[in-house]
Amino acid sequence: MALYLDTSALVSAFVQDDHSEWAAALLIRRADIVVSRWAETEFSSALGLRVRSGAMKADKRDQIEDTFDEWRRGRGECRMDDQDFSRCRLLLRQGVRLRTPDALHLAVVLRHDYDMATLDKDLATAARLQGIEVVSI
């Protein structure tokens with residue numbers, strides 16, 4: 001079964017932090033990783049936030065984005081559609097304790113029947129409750 005990386009796992013894989021070793025090991029060990037356009041967009045947004053806050057220089061962000069793009073070439077792509085947004089809304093209405101972006105990740109994983117890698121404890125808990133295999137620290 002393919003492994004879906006959410007934004008938290010992507011950021012840790014490409015930006016040095018406390019979880020980088022774990023995330024980088026996933027990229028090495030698993031050839032079946034998929035990433036959604038949603039996760040890619042959030043990844044770029046997270047890097048932009050770091051630049052705006054002064055925690056990262058713009059040229060470092062550009063270097064990380066280039067490294068990510070190079071890694072991304074030839075990898076599996078997870079397409080999103082209206083079903084994902086509908087399921088996201090249903091998850092939120094059911095009281096799943098998630099932010100909307102994380103509920104969208106969960107909806108994508110459910111539709112494609114992927115495993116999920118995340119560092120977000122709430123997302124990991126919600127995914128497990130939905131019967132999803134979660135790879136986490």
- Message: My understanding is that only residues two or more places apart in sequence, or in another chain, count here; which of them pass side-chain hydrogen bond (donor to acceptor under 3.5 Å, both in side chains) with E65?
- Response: S44
- Closest heavy-atom contact between V109 and D115? CG1-O, 4.4 Å
- Residues in side-chain hydrogen bond (donor to acceptor under 3.5 Å, both in side chains) with R30, at least two apart? D32
- Item | Sequence-distant partners of W71, ring-ring contact (aromatic ring centres under 6.0 Å, His included), two or more places apart | F14, F68
- Message: Any non-hydrogen side-chain atom of M56 less than 4.5 Å from a side-chain atom of I64?
- Response: yes
- Note on the structure: The reported gap from OG1 in T7 to CZ in F43 (rounded to nearest 0.5 angstrom) is 9.5 Å
- Between the side chains of S36 and H105, does any donor sit under 3.5 Å from an acceptor? no
- Message: When you compare the side chain of M1 with that of D113, does any pair of heavy atoms fall below 4.5 Å?
- Response: yes
- Task: Carefully, step by step, assess V11 and H19 under the rule side chain to side chain contact (heavy atoms under 4.5 Å, CB included).
- Result: CA-CA 9 Å; V11 169; H19 307 292; over 6 Å; no
- Message: Restricting to salt bridge (Lys or Arg N to Asp or Glu O under 4.0 Å), what partner residues turn up for E42, sequence neighbours left out?
- Response: none
- Task: Using a 4.5 Å cut-off on heavy atoms from C-beta on, say whether the side chain of C78 contacts that of V108.
- Result: yes
- Item | side chain to side chain contact (heavy atoms under 4.5 Å, CB included) partner of M116, the single match among L123, L5, L3 | L123
- Query: If you take all heavy atoms of W22 and A117, which pair is closest and at what distance?
  - Reply: CH2-CB, 4.3 Å
- Note on the structure: Residue pairs passing the side chain to side chain donor-acceptor pair (under 3.5 Å) test with at least one member in residues 124-137, sequence neighbours excluded, are none
- Item | Positive for side chain to side chain contact (heavy atoms under 4.5 Å, CB included) with L91, one of L104, L110, D102 | L110
- Query: Do Y114 and V34 have side chains that get closer than 4.5 Å, going by heavy atoms?
  - Reply: yes
- Query: What is the minimum heavy-atom distance between A23 and S12, and which atoms define it?
  - Reply: CB-C, 3.7 Å
- Residues that R37 engages under salt bridge (Lys or Arg N to Asp or Glu O under 4.0 Å), provided they are two or more places apart: E40, E77
- Message: Are there over 12 heavy-atom neighbours, none belonging to R89, within less than 6.0 Å of that residue's CZ?
- Response: no
- Item | Over 12 foreign heavy atoms within 6.0 Å of CG, D82 | no
- Query: side chain to side chain contact (heavy atoms under 4.5 Å, CB included) with R73: which residues, sequence neighbours excluded?
  - Reply: E70
- Could you pull out all residues at least two apart from T100 that satisfy side chain to side chain contact (heavy atoms under 4.5 Å, CB included)? C88, L92
- Message: Holding to side chain to side chain contact (heavy atoms under 4.5 Å, CB included), I want the full list of residues that pass it with S8, two or more places apart in sequence or in another chain.
- Response: D6, T118, L119
- Message: Which residues pass the side-chain hydrogen bond (donor to acceptor under 3.5 Å, both in side chains) test with S45, not counting sequence neighbours?
- Response: none
- Query: Would you say P101 and W38 make side-chain contact, with heavy atoms under 4.5 Å?
  - Reply: yes
- Query: With sequence neighbours left out, what residues match D84 under side-chain hydrogen bond (donor to acceptor under 3.5 Å, both in side chains)?
  - Reply: R111
- Item | H112 and Y4 aromatic centres sub-6.0 Å | no
- Item | Heavy atoms of other groups near R72 CZ, more than 12 under 6.0 Å | yes
- Go through the structure and list residues passing salt bridge (Lys or Arg N to Asp or Glu O under 4.0 Å) with D122, not counting sequence neighbours. R97
- Straight-line distance of D66 CG to R61 CZ, nearest 0.5 Å: 10.5 Å
